[in-house]
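Note: hydrogens, waters and symmetry copies are ignored here, and every other heavy atom, side chains too, is used. Computed from a predicted model, the values in this text were never measured in an experiment.
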Amino acid sequence: MNVLLLYPRFPKSFWSFEKTLALLDRKAMLPPLGLVTVAAMLPQEWEFKLVDRNVRDTTEAEWAWADLVILSAMIVQKEDLLALIREAKQRGKQVAVGGPYPTALPDDAKLAGADFLILDEGEITLPLFIAAIAQGDRSGTFRSDGVKPDVTMTPVPRFDLLEFDAYAEMSVQFSRGCPFQCEFCDIIVLYGRKPRTKAPGQLLAELDRLYELGWRRSIFMVDDNFIGNKRNVKLFLKELHPWMVAHEYPFSFATEASVDLAQDQELMDAMVLCNFGAVFLGIETPDEESLALTQKYQNTRDSLTDAVNAITRTGLRVMAGFIIGFDGEKAGAGARIVKFVEQTAIPTALFSMLQALPDTALWHRLEKEGRLRSKSANINQTTLMNYVPTRPLEDIAQEYVEAFWELYDPEKFLDRAYRHYRLLGEATYPNKGRSTRKNVNWVMVRALLTICWRQGLVRKTRWQFWRNLASLYRHNPGGISSYLAVCAQIEHFVEYRQIVRDEIEAQVAEFLQGEAQRKVEAIV
């Protein structure tokens, strides 16, 4: 059986970083971890080829070679997923799909022509699919019926199928699920509220495999809440540290965690000791009323500002997510988010309008209230909310555009990055020796020269850029390379904030025109 694994394209988004990636000759931020994990679960006598459409297009030879096409996607990849299903069927291929998007909205993939729907978590549903193939079935839908698998049985992903040079970071997964119950979140719908973790030795085997294959750069732990099971995380970090020392710190790590990480200094110190350098926090909003309404109580127990500062001073660069459009939200929410981001000096602040994702508690509540405008959703930053908010949509959109524009003003972004790295400079880091020094090559030199040219000479940031760099050289010289990597992000955001403004304003104009037309029709 020749299996072609296809990963659909992402549209240009907050995280796509095309301009930044181009500086380092990379094509995508992260690889399709789900597909290489699926490849490891399928019969190993089958032959596999993987094409990440964010890296390159599928060749005619690959299409001709394939007996079976398997695709996985998130909702944001909807357009390319459906197009790939149709193309595969036009070429006479058997098609199987899975992942978060087909699991949430299986009818979309089925209507596009998919033969097999492998939904929920593959540890349970892939064996059902394999059995169906073995007995000659040509179609089928496989679900886990609410059962959550034991992830300690998940095999080491087939990392060898990836084109390593194409990616800025590698990815691994330690846990699935989250103990909290945020109303808008689909993670607890997909993976449950009881975090399930791999065994420490199991994940170390994955790191061993990446090390054997020659990976020596950053790894993103893609857990939606890395600290959901703090006990098991601490046990893992206890075993990870000697592995990192023995291998001379070949990787740096980043991950996602809940804000209550700040309450556990032992855990933060252990992460820094193991070379974790960054963490993404779901802050959402500084408005406590909105946090309580959406049941994100873990963000209301302590000062969010103090939490961000505590995490930063420990040595973890903070990235954070923010949302506008909660029910009962007071005017000026966008400005309050900007104020919070500036106060806490968070350089990278993901900012979106709220979306009601399929099957979430928010989705069900709004459906019951008759407020859903669309039963689909799109979590990109260039999409209006898919429900009727409690204040005028056009007001929320205007605040959103203005705040996004201000957050990614080059001068303000560089100022936040500088202040953040001054705080990071207060941290105590482990002595990793000389082995972790990066090998300088022409690509890195060219990237540095490009950043210096654009930010230090061409733009109005020129004096600020050199002043900040000189100050960091005095106060945090070890953080300069990481600081410059963050500065490079503005190459993406300068373009992307204009895209956000243009697309949101166009959608608002279309929405208002439609509302006016409906009012006219109602009068007539």
Side-chain angles (χ1 to χ4, degrees), residues 11 13-14 72-79 81-82 97-112 117 119-121 141 143-146 148 176-194 224-225 228 256 258 282-285 287 289-299 321-329 333 350-393 396-397 400 504 507 511 514:
S13 71
F14 184 94
S72 176
M74 293 183 278
I75 289 177
V76 72
Q77 296 166 284
K78 172 180 179 177
E79 185 176 340
L81 173 76
L82 300 181
V97 300
Y101 169 39
T103 294
L105 298 166
D107 288 345
D108 288 4
K110 194 170 184 179
L111 288 172
L117 302 180
L119 309 179
D120 305 312
E121 294 181 67
T141 299
R143 303 219 66 148
S144 65
D145 298 324
K148 304 298 181 187
R176 294 181 202 161
C178 179
F180 301 114
Q181 53 184 358
C182 308
E183 185 187 38
F184 58 85
C185 184
D186 63 344
I187 296 306
I188 54 178
V189 175
L190 292 168
Y191 303 120
R193 290 191 56 208
K194 184 179 180 181
D224 293 286
N225 187 356
E256 301 182 37
S258 46
I283 292 175
E284 321 311 356
T285 174
D287 296 346
E289 298 87 351
S290 294
L291 292 169
L293 177 69
T294 199
Q295 300 180 55
K296 203 172 182 84
Y297 299 114
Q298 67 271 25
N299 283 24
F322 296 89
I323 296 173
I324 192 170
F326 292 107
D327 279 3
E329 185 178 73
L350 170 65
F351 190 30
S352 307
M353 280 190 277
L354 183 61
Q355 292 282 321
L357 298 176
D359 213 27
T360 58
L362 175 63
W363 190 90
H364 286 293
R365 176 170 69 81
L366 295 174
E367 183 183 40
K368 184 177 180 181
E369 295 172 3
R371 293 170 56 198
L372 279 179
R373 294 174 53 223
S374 169
K375 292 195 175 183
S376 184
N378 188 325
I379 55 174
N380 208 350
Q381 289 69 47
T382 54
T383 309
L384 292 179
M385 52 192 63
N386 63 338
Y387 65 95
V388 179
T390 56
R391 61 188 180 113
L393 184 148
I396 297 172
Y400 170 69
I504 292 297
Q507 290 174 56
F511 168 77

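Separating the CG atom in N386 from the CZ atom in R371 is a distance of 11.0 Å, to the nearest 0.5 Å. One finds the CG atom of N299 at 5.5 Å from the CG atom of L291 (value rounded to the nearest 0.5 Å).
For N225, the side chain to side chain donor-acceptor pair (under 3.5 Å) criterion is met by S258, not counting sequence neighbours. Every residue two or more places apart in sequence or in another chain that forms a side-chain contact (heavy atoms from CB on, under 4.5 Å) with P389 is listed here: M385, Y387, L393, I396. Residues satisfying the side-chain contact (heavy atoms from CB on, under 4.5 Å) test with K194, not counting sequence neighbours, are none. Every residue meeting the salt bridge (charged side-chain N to carboxylate O under 4.0 Å, His left out) condition with R143, not counting sequence neighbours, appears here in chain and number order: D120. Remark: I504 engages M353, L384, A397, Y400, V401, V500, Q507, V508 in a side-chain contact (heavy atoms from CB on, under 4.5 Å) (not counting sequence neighbours). Applying the side-chain contact (heavy atoms from CB on, under 4.5 Å) criterion to Q298, with sequence neighbours excluded, gives F180, C182, K296, R301. Listed by chain and number, the residues in a side chain to side chain donor-acceptor pair (under 3.5 Å) with S72 amount to none (sequence neighbours excluded).
Sequence neighbours left out, the pairs with a member in residues 380-392 that pass salt bridge (charged side-chain N to carboxylate O under 4.0 Å, His left out) are E329-R391, R391-E399.
Within the 3.5 Å criterion, the main-chain N or O of P179 finds a donor-acceptor partner in the side chain of R193.
Pairing each heavy atom of L354 with each of G325, the nearest pair is CD2-O, 4.1 Å. Of all the heavy atoms in G328 and T390, the pair that sits closest is N-OG1, 2.9 Å.
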Please evaluate residues T285 and F326 with respect to the criterion side-chain contact (heavy atoms from CB on, under 4.5 Å), reporting the C-alpha separation (whole Å), side-chain torsions for both, the decisive distance (0.1 Å), and the verdict. CA-CA 9 Å; T285 174; F326 292 107; 3.9 Å; yes
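Residues Q355 and T383 meet the side-chain proximity criterion, which asks for heavy atoms closer than 4.5 Å.
Taking a 6.0 Å sphere around NZ of K148, one finds it holds more than 12 heavy atoms contributed by other residues, nucleotides or ligands.
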Identify all side-chain donor-acceptor contacts of residues 358-365 below 3.5 Å with residues at least two apart in sequence or on another chain.
from	atom 1	to	atom 2	distance (Å)
D359	OD1	H364	NE2	2.7
T360	OG1	L357	O	2.7
T360	OG1	W363	N	3.1
R365	NE	E183	OE2	2.6
R365	NH1	D327	OD2	3.0
R365	NH1	E369	OE2	3.3
R365	NH2	E183	OE1	3.4
R365	NH2	D327	OD2	3.2

